[in-house]
Amino acid sequence: MPARLIVEGGVALRGEVAVSAAKNAALPALAAALLTAAPVVLDNVPKLADVTTIRSLLGRLGAEITDESDGSTRIRTVSVRSHEAPYELVSTMRASVLVLGPLLARTGVARVALPGGCAIGVRPIDQHLKGLKQLGAEIAIENGYVEARASRLKGARITPDLVTVTGTENLMMAAALAEGTTVIDNAAREPEVTDLARLLSAMGARIEGAGTERIEIEGVTDLSGARHRIIPDRIEAGTLLVAGAITGGDVTVTGAVPAHLAAIRDKLEECGATIDVDGDRVRCRTPGRPRSADVITSPFPAFPTDMQAQVMALLGLAEGTSKISETIFENRFMHVAELGRLGARIEIDGGTAVVRGVERYQGAPVMATDLRASASLVLAGLAARGITEVSRVYHLDRGYERLEAKLQALGARITRVMS
Ligand code: EPU
């Protein structure tokens with residue numbers, strides 16, 4: 001039954017809220033468990049739809065996954081039963097492609113459906129494939145599937161043409177079991193890549209340079225089991241801080257890594273918010289109407305594309321005009337039309353959205369188009385006068401753990417209805 005969220009706007013959110021673990025760190029960590037027959041135990045895996053999807057994929061491939069009584073998730077793949085990530089799962093979640101590197105490295109065979117398009121546009125995996133070929137894999141595309149084969153991968157020097165997060169992760173996992181040394185130049189520096197490197201190292205991989213643009217991996221013949229705690233979700237933390245800012249409230253997120261939030265914190269300050277950091281706590285206060293600011297999204301450590309929609313909702317209420325540019329993703333402005341239904345004045349000019357701040361949003365029925373767009377609509381609804389009804393909430397459920405409950409705890413009037 002499709003769910004909708006009913007948001008009654010106008011309450012300034014106040015209080016403290018704990019950050020969940022990062023979806024985009026949990027997905028590669030779960031996939032990495034395919035690299036070994038020994039158990040991998042992950043603490044803090046968030047309960048959200050994309051995690052359910054990858055769990056069901058891993059289950060089909062032969063992993064046994066159990067929820068332990070201490071809240072951890074235990075994954076054990078004694079043997080790989082299937083080599084295939086089917087289209088029905090890859091088309092639901094592109095990150096399913098993260099099983100390609102581990103399957104190939106562990107068993108020498110992988111068959112993964114090509115992702116094709118998704119709500120945020122065509123996102124090819126050519127750089128994953130180019131890198132795997134450089135590691136010695138034979139790659140064929142047949143009937144919409146990537147078929148990869150290798151007897152044993154061999155270390156190589158790889159320079160992806162662009163910075164890719166899951167591409168870097170796939171290559172790092174594959175190289176961990178390759179013969180010899182692999183160097184990935186132009187690697188993604190996202191904290192989620194570094195977190196995966198930490199897990200792989202705990203499993204016995206030899207990795208240096210994660211978090212920089214040059215990662216060096218010395219292959220080993222076997223990896224062991226490990227226990228690993230997933231890092232906090234910087235995008236969820238940022239979303240909750242914007243919830244405070246957009247309602248003129250006072251929100252503190254706890255259990256965060258402030259360094260991962262640097263670009264987001266800076267942007268919120270530019271918008272007029274006061275940000276205080278104390279250990280793992282980040283507090284955001286906004287006295288009045290936000291100030292306009294320009295935003296350019298780029299790979300970490302720059303401002304993340306995954307926060308663009310949420311910050312656009314905030315800037316839509318700013319005094320003055322803001323320009324928001326996407327340097328990589330061209331199709332990440334689908335929320336613009338929906339924000340317009342709430343009264344936002346935003347025009348798209350190529351890869352740039354020109355946002356002319358209005359004084360208030362007004363509640364209206366709106367439709368979520370993708371994960372982060374749905375968060376942006378909820379945030380705008382929190383600031384709007386009247387009732388905003390957000391449909392297609394399954395997009396939100398893909399990547400946020402208990403977001404409504406967290407917002408409610410901060411005072412938001414938000415309820416879920418099934419229809
Ligand atoms: N690209 C290629 N070829 C490739 C790989 C990427 O052309 O082989 C292009 C993409 O089309 C895109 C750009 O390179 O234009 C960057 O894409 P990237 O590969 O970095 O994205 P991703 O790894 O598929 C991850 C996150 C996304 C996040 C992006 C950018 C995961 C599971 N997903 O995707 O998260 O937006 O990095 O930071 O880590 C989300 O959580 O809502 C989400 C979409």
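All ligand and atom numbering here is 1-based and tracks the order in the structure.
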Chemist: Select the closest option to atom 44 (C) of ligand 1 among Arg372, Glu192, Arg332, Arg94, judged by heavy-atom distance.
Modeler: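 Ranked by closest heavy atom to atom 44 (C) of ligand 1, first place is Arg332.
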
Chemist: Using the rule given for side-chain hydrogen bond (donor to acceptor under 3.5 Å, both in side chains), can you reason through Asp370 versus His335, listing the C-alpha separation, both sets of side-chain angles and the distance that settles it, and then say yes or no?
Modeler: CA-CA 8 Å; Asp370 67 53; His335 45 283; 5.4 Å; no

Chemist: In residues 201-212, what donor-acceptor pairs under 3.5 Å come from side-chain atoms, sequence neighbours left out?
Modeler:
{"residue": "Ser201", "atom": "OG", "partner": "Ala197", "partner atom": "O", "Å": "2.8"}
{"residue": "Arg206", "atom": "NH1", "partner": "Glu218", "partner atom": "OE2", "Å": "3.2"}
{"residue": "Thr212", "atom": "OG1", "partner": "Gly209", "partner atom": "O", "Å": "2.6"}
{"residue": "Thr212", "atom": "OG1", "partner": "Arg214", "partner atom": "N", "Å": "3.1"}
{"residue": "Thr212", "atom": "OG1", "partner": "Arg214", "partner atom": "O", "Å": "3.0"}

Chemist: Any side-chain to backbone donor/acceptor pair from Thr36 onto Leu223? Under 3.5 Å, distance only.
Modeler: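 Confirmed, Thr36 side chain pairs with Leu223 backbone.
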
Chemist: So, is Val165 polar-close to ligand 1, with some N/O to N/O distance under 3.5 Å?
Modeler: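 Yes, at least one N or O pair falls under 3.5 Å.
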
Chemist: With heavy atoms of Ala95 as the reference, note each atom of ligand 1 found under 4.0 Å away.
Modeler: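 The list of qualifying atoms is 32 (C).
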
Chemist: Report, in ascending order of atom number, the atoms of ligand 1 lying under 4.0 Å from any heavy atom of Lys23.
Modeler: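 Numbered from 1, ligand 1 contributes 40 (C), 41 (O).
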
Chemist: Between Glu389 and Ser391, is a side-chain hydrogen bond (donor to acceptor under 3.5 Å, both in side chains) present by the stated rule, with each step listed?
Modeler: CA-CA 6 Å; Glu389 206 176 300; Ser391 57; over 6 Å; no

Chemist: At less than 4.0 angstrom from any non-hydrogen atom of Asp126, what atoms of ligand 1 do you find?
Modeler: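 So the atoms of ligand 1 that pass are 2 (C), 3 (N), 4 (C), 7 (O), 8 (O).
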
Chemist: Below 4.0 angstrom, N of the basic side chain to O of the carboxylate: do Lys130 and Asp161 qualify?
Modeler: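 Between Asp161 and Lys130 there is a salt bridge, with a charged N closer than 4.0 Å to a carboxylate O.
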
Chemist: Taking N or O atoms only and a 3.5 Å limit, does Asp306 qualify as a polar contact for ligand 1?
Modeler: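 Yes, Asp306 has an N/O under 3.5 Å of an N/O on ligand 1.
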
Chemist: Could you grab the distance from atom CD1 of Ile65 to atom CG of Leu30, nearest 0.5 Å is fine?
Modeler: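 Going from CD1 on Ile65 over to CG on Leu30, the span is 6.5 Å.
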
Chemist: Given Leu27, Thr164, Thr166, Leu162, which has its nearest heavy atom closest to atom 19 (O) of ligand 1?
Modeler: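 Considering heavy atoms of Leu27, Thr164, Thr166, Leu162, the nearest to atom 19 (O) of ligand 1 sits in Thr164.
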
Chemist: I would like to know whether Thr168 and Val163 meet side chain to side chain contact (heavy atoms under 4.5 Å, CB included); could you show each step before the answer?
Modeler: CA-CA 8 Å; Thr168 302; Val163 176; 5.7 Å; no

Chemist: Only heavy atoms of Gln127, strictly under 4.0 Å: list the atoms of ligand 1 that pass.
Modeler: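 Result: 3 (N), 4 (C), 8 (O).
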
Chemist: For ligand 1 and Glu169, I'd like to know whether there is a polar contact (N/O to N/O, distance under 3.5 Å).
Modeler: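 Glu169 vs ligand 1: no N/O contact under 3.5 Å.
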
Chemist: Answer yes or no for His128: is there a heavy-atom contact with ligand 1 below 4.0 Å?
Modeler: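 So His128 counts as touching ligand 1.
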
Chemist: For ligand 1, is any non-hydrogen atom under 4.0 Å from Leu129's backbone (N, CA, C, O), its side chain (CB onward), both, or neither?
Modeler: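 Answer for Leu129: neither.
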
Chemist: Going by heavy-atom distance to atom 5 (C) of ligand 1, choose the closest among Gly167, Gly131, Pro124, Gly399.
Modeler: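 Residue with the shortest heavy-atom distance to the ligand atom: Pro124.
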
Chemist: Report all side-chain donor-acceptor pairs from residues 19-29 shorter than 3.5 Å, counting only partners two or more places apart or in another chain.
Modeler:
{"residue": "Ser20", "atom": "OG", "partner": "Glu401", "partner atom": "OE1", "Å": "2.6"}
{"residue": "Ser20", "atom": "OG", "partner": "Lys406", "partner atom": "NZ", "Å": "2.7"}

